[in-house]
There are 2 protein chains.
Amino acid sequence: MDATETRQRILEAADGLFGELGFDATTTRDIAERSGVNKALIHYHFGTKDDLLEALLERYYEQLGATMQGAFARPHKTLRAKVEDVLDTYADFLAAHSTFARIVQREVASGRHIERVVERTLPMFQLGVAWMSEALTKAPRDLDAVNLLTTVYGIVVTWFTWGEVVRRLTGKDPFSPAALEARKRHVRRVVGLLIDEVEGRK
Amino acid sequence: MDATETRQRILEAADGLFGELGFDATTTRDIAERSGVNKALIHYHFGTKDDLLEALLERYYEQLGATMQGAFARPHKTLRAKVEDVLDTYADFLAAHSTFARIVQREVASGRHIERVVERTLPMFQLGVAWMSEALTKAPRDLDAVNLLTTVYGIVVTWFTWGEVVRRLTGKDPFSPAALEARKRHVRRVVGLLIDEVEGRK
DNA sequence: ACTCGATTTGACCATTCGGTTAAACCGTCC
DNA sequence: GGACGGTTTAACCGAATGGTCAAATCGAGT
């Protein structure tokens, strides 16, 4: 087994377990067992368990950053088209990395790793606020950038963090392609109403 | 120290610590120290640490249920007024019990206690869906009850779960009376747009 | 003063945790 | 074939964890 493959397998196992059980409830022995790798290798390759989470978040935020940057850079005819593309892209990313949404939501809600998550999320939020503030020059006062961004972010992310509740509520898989497509359609619809309002109710 | 006061102090300490550190990272010794109570008494009064969380959630959901039932029962002239009152009431509850929002968000995102939280949340969601389905007879297809409820819920709750990020983003306290009032105004505004749409764009 | 049940205490226990270490292993360059 | 750096292994460690228990304490009723 290659050294880089070892690192990969450790990260993969840690990702799955952190997502299922949470960081604190996952032991290094769990990770070793699932990845089929000696426990000491986790520390050899990554340092402490905290460092392993750090490496995992690093990888995720790098991917997310590249993905979102791609959506932002794509040419769009209207503001509405751009927003819809960005939100669809973000939803697709969360759907493809369901553990990521859960890990981040857990660690940002409380706990010892808030700072780590904030550190990486903040720049993206700031970009979002800056970008929106431009588009919101003539928006009503109670649709300010911070509130609006939190609202839109919440709309997108809650489907994934509360997926298990939705599953039991509906009896259907909220992450099936059909359900995800319906959710994205719903988000586009709701955000469309916000854009209408911001642009002055065409 | 009275026995009921002991129970109270243990619950209070556990609440604070679970909210700050998370359930797994909180030790029974932490709880004993903060509450000024012997560690063995936690088990004497509540059983296991899991049972303690259960008791805490039980208390919270009882309070929440009563509070929300009150808002629902209050007389309102319009659908809009009722929805606004309900959402304001919920936001006030979360503001008054900030640890509750964090604990629930953590445990519903992943972990061993998902079922416990789902168990208690589901009835309220079902009520919400049933109530909304009635009001949504002539709504557009992509504004179905489940999606709409998730959206509105996400809008309200994200302000509290992502409070620390907002704090660093703005440099201001997102839970100050002024900020909370502004947030509630914003939520009323956004949800108002949804109601407009559902009622057929008056 | 005595009793009895509920409560409180500190000492204790088995287990598990994250992390370390010395020795073994392995490919590769000379 | 031997030396060398990077990698892997099993055994090990001290600290902490959730939980238990017998003994002590308390308070109300007699």
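Side chains included, hydrogens not; waters and symmetry mates left out as well; all remaining heavy atoms used. The shown structure was predicted, so the numbers you read here are calculated from the model rather than taken from an experiment. Residue numbers begin at 1 in each chain, while the letters A, B, ... track the order of the sequences.
- Rounded to whole Å, the distance from CZ on A:Arg112 to P on C:dG18 is 11 Å.
- Among the heavy atoms of the strands lying under 4.0 Å from A:Ala3 are primed sugar atoms or P, OP1, OP2 only; no base atom is included.
- Residues A:Gly47 and B:Asp2 each lie close to DNA chain C; by heavy-atom proximity, the contact nearer the 5' end of the strand is made by B:Asp2.
- Qualifying side chain to side chain contact (heavy atoms under 4.5 Å, CB included) partners for A:Asp50, counting only residues two or more places apart in sequence or in other chains: A:Phe23, A:Thr48, A:Arg112, A:His113.
- When the C1' atom of D:dT17 is taken as reference, atom CD of B:Glu33 falls 15 Å away, rounded to whole Å.
- Side-chain N/O atoms of B:His186 and A:Thr151 include a donor and acceptor closer than 3.5 Å.
- The closest side-chain heavy-atom distance from A:Val108 to B:Thr161 is not below 4.5 Å.
- Across the protein-nucleic acid pair, B:Ile42 atom CD1 and C:dT7 atom P stand 16 Å apart, rounded to whole Å.
- Side-chain N/O atoms of A:Thr28 include one lying less than 4.0 angstrom from OP1 or OP2 on C:dG18.
- Which of C:dT8, D:dG19, C:dG18 sits closest to the side chain of A:His43 comes down to C:dG18.
- Listed pair A:His45 / D:dT8 meets the phosphate criterion, a side-chain N or O lying under 4.0 Å from OP1 or OP2.
- Here the C1' atom of nucleotide D:dG18 and the CG atom of A:Asp24 are 15 Å apart, to the nearest Å.
- Between B:Arg168 and the options A:Glu115, A:Gln126, A:Glu119, a side chain to side chain donor-acceptor pair (under 3.5 Å) holds for only A:Glu115.
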Run A:Val152 and A:Val83 through side chain to side chain contact (heavy atoms under 4.5 Å, CB included) and show every step you take.
CA-CA 10 Å; A:Val152 172; A:Val83 170; over 6 Å; no
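- Note: CZ (B:Arg29) to P (D:dG19) measures 11 Å, nearest angstrom.
- Here the P atom of nucleotide D:dG18 and the CD1 atom of B:Ile31 are 8 Å apart, to the nearest Å.
- Atoms CD1 (A:Ile10) and P (D:dT9) sit 10 Å apart, rounded to a whole Å.
- Closest approach to the B:Leu41 side chain among C:dT8, D:dG18, C:dG19 is made by C:dT8 (side chain taken as heavy atoms from C-beta onward).
- For D:dG19, its base sits under 3.5 Å from the side chain of B:Lys39 at one donor and acceptor pair at least.
- Straight-line distance from the OH atom of A:Tyr44 to the P atom of D:dG6: 7 Å, rounded to whole Å.
- Under the 3.5 Å distance criterion, with hydrogens and angles disregarded, a donor-acceptor pair is assigned to the side chains of B:Tyr60 and B:Asp15.
- By the 30° and 60° cut-offs, the orientation of the rings of B:Trp162 relative to A:Tyr153 is perpendicular.
- A donor-acceptor contact under 3.5 angstrom links the side chains of A:Asp30 and A:Thr27, judged on distance only.
- Put simply, B:Thr27 has no side-chain N or O that comes within less than 4.0 Å of OP1 or OP2 on D:dA16.
- Taking only distance into account, the side chain of B:Lys49 never meets the base of D:dG19 through a donor-acceptor pair shorter than 3.5 Å.
- Counting non-hydrogen atoms under 4.0 angstrom, B:Thr26 reaches the backbone sugars and phosphates but no base.
- Taking five base pairs at each end of the helix from C:dA1-D:dT30 to C:dC30-D:dG1, the local helix axes there meet at an angle of 10°, rounded to 10°.
- Closest to the side chain of B:Ala40, out of C:dT7, D:dC21, D:dG18, is D:dC21.
- Taking the nucleotide of DNA chain D with the nearest heavy atom to each of A:Asn38 and B:Asp30, the more 5' of the two is matched to A:Asn38.
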